[in-house]
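One structure is given below, encoded as structure tokens.
First listed ligand is number 1; within each ligand, the first listed atom is number 1. The chain is numbered in sequence order, starting from 1.
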Amino acid sequence: MQPPLLDEARTMQTLDTAPKLWLNPQPQIPQTILATHAAVDEADARLLRFAPLLAELFEDTRDTAGIIESPLLRAPAMQRAFHDGGGKGSLWIKADHALPVAGSIKARGGVHEVLEIAENLALAHDLIARDSDYRDLLEPRARELFSQHRIVVGSTGNLGMSIGIMASALGFHATVHMSSDAKPWKKKRLRDRGVEVIENDGDYGLAVAAGRKRAAEDGRAFFIDDEHSLPLFYGYAVAARRLARQCEMQRIAVDAGHPLFVYLPCGVGGAPSGITFGLKQVYGEHVHCFFVEPTESPCFLAQMQAPPDTLRSVYDLGMSNRTEADGLAVAQASLLAVAEMRSRLAGVVTTSDAAMFEDLATVFHLEGHVIEPSAAAGFSGLRALFGTDEGARYLGANGLQDKMADATHIVWTTGGRFLPPDEHVRFLDTAAGQRAFNGATAGAVSY
Ligand SMILES: *Cc1c(COP(=O)(O)O)cnc(C)c1O
């Protein structure tokens, strides 16, 4: 009998949809590809130049003088829930669910890219110099200039919110092409601010393509390309140095005896990769970054495992890309992000929607934080590290087992601030329903 070549090739490509931890086989010696640390310095400086302006525009940034930043919070009750028995280190939450302006991690990259566009335009028209008080950009002639331009983006919801809110606040026209995953309340919030929202029937990739096409037809439009954008990446990367300062303030040591583990929800990969890029520069081999993706949308994992020069989407693997974690509902990873992560990423974890709902509920009941499903993905990173053979293998291969009592785990909660209360209640109900169904075990997911 002839071997069924095609089927065999298919099977080899098919990732199963069980939750898992995949370890990156590449040596973790950061390689320079496209992104530079000098450009992260520039992004950092740009955000400082704009801070007085942001404090004027957004009341929720006044306390931090226009710096869009989130707190690093202890999570003692979650730590007890996750680390029964102790000896596994301390658990912290990097609370990007509370980020001002856009209410998600997209307030880092998205805001930075809009500010870069605004700055370049204003400099080119001699409205400001780099040492000006950027509040000058609130004057009518600057708004007049910005109003002649349109900023276009494709989004599953949160990127659109960050770009739309920032662009319209400066006086730009803004168009957001939303994927079918986008929640109605996110669209409404944007429309209420005068942002044009175009609803696409298709997924995130199609929304991005629609935005790209629309912008190409308009000579005065700027397209923010989540799949390829360095300004977005750099905006995210700035978070790393700020986190390092927060760790210092909290007296969290990160060194050979005190490993740091960071768990980041991953969609197209730009946000977690930018942050990992920055963290690797600060902490080198002492930081271990894991991305977490939904089991039906593991696009970053699919691309990390693809042969060189091959694009591989989750559809190619027979997966649905359907998840309640709208921020992570992406079928094809950013190649920019994948390239930068090959020499930096520790591994990728996949997790079920059920686990995200469970953790969304637990973090609310134990710590009082309101987060959206995508933002709960990071907790599964912790679960996978301690609950899988691969996790044990990772700790063993890196000589970390006897250091875990002194380890720090940071779960990055990436969105939720503007989540309407009735949506949150619906998520809590879903979690409660699951628990009843599972016989009240906390084990919404096992590895
Ligand atoms: C966008 C998003 C992410 C992931 O960012 P990517 O750049 O798409 O990988 C994670 N969580 C939330 C809530 C998001 O909106």
- Message: I want to check a possible cation-pi pair here: Lys88 against Phe82, using under 6.0 Å from ring centre and within 45° of the ring axis as the test.
- Response: no
- Looking only at heavy atoms, is any part of Val268 under 4.0 Å from ligand 1, and if so is it the side chain, the backbone, or both, or is it neither? both
- Query: Parallel, tilted or perpendicular: which describes the rings of Phe172 and Phe222, with under 30° parallel and over 60° perpendicular?
  - Reply: perpendicular
- Task: Measure from atom 1 (C) of ligand 1 to every heavy atom in Lys186, His97, Lys106 and give the option owning the shortest one.
- Result: Lys106
- Message: Is there a side chain to side chain contact (heavy atoms under 4.5 Å, CB included) between Leu47 and Arg242? Walk through the geometry before answering.
- Response: CA-CA 12 Å; Leu47 292 169; Arg242 295 191 188 159; 3.7 Å; yes
- Message: With a heavy-atom distance limit of 4.0 Å, tell me whether Ser374 approaches ligand 1 through its side chain, its backbone, both, or neither.
- Response: side chain
- Task: Pull out every atom of ligand 1 sitting under 4.0 Å from any heavy atom of Cys266, numbered as shown with elements.
- Result: 9 (O)
- Message: Please list, in number order, the atoms of ligand 1 under 4.0 Å from a heavy atom of Thr414.
- Response: 10 (C), 11 (N), 12 (C), 13 (C)
- Pull out every atom of ligand 1 sitting under 4.0 Å from any heavy atom of Pro265, numbered as shown with elements. 4 (C), 10 (C)
- Query: Say you draw a straight line from CZ of Phe233 to NE2 of His228; how long is it, rounded to the nearest 0.5 Å?
  - Reply: 14.0 Å
- Please state which protein non-hydrogen atom is closest to atom 7 (O) of ligand 1 and give its distance, to 0.1 Å? Ala271 N, 2.8 Å
- Is any NZ, NE, NH1 or NH2 atom of the basic residue among Asp389 and Lys20 found under 4.0 Å from an Asp or Glu carboxylate oxygen of the other? no
- Salt bridge flag under 4.0 Å for residues Glu227 and Arg212: yes
- Query: Any salt bridge between Asp353 and Arg322, counting N to O under 4.0 Å?
  - Reply: no
- List every atom of ligand 1 that sits less than 4.0 Å from any heavy atom of Gly270, numbering the atoms from 1 in the order shown and giving each element. 6 (P), 7 (O), 9 (O)
- Message: With a 4.0 Å cut-off on N to O distance, would you call Glu69 and Arg245 a salt bridge?
- Response: no
- Note on the structure: Atoms of ligand 1 under 4.0 Å from any heavy atom of Asn158, numbered from 1 in the order shown, are 13 (C), 14 (C), 15 (O)
- Task: Identify the protein heavy atom lying closest to atom 4 (C) of ligand 1, giving its residue, its atom name and the separation to 0.1 Å.
- Result: Gly267 N, 3.4 Å
- Query: Among Gly416, Gly415, Gly269, which residue places a heavy atom closest to atom 9 (O) of ligand 1?
  - Reply: Gly269
- Close-contact set for ligand 1 against Leu328 heavy atoms, below 4.0 Å: 3 (C), 10 (C), 11 (N)
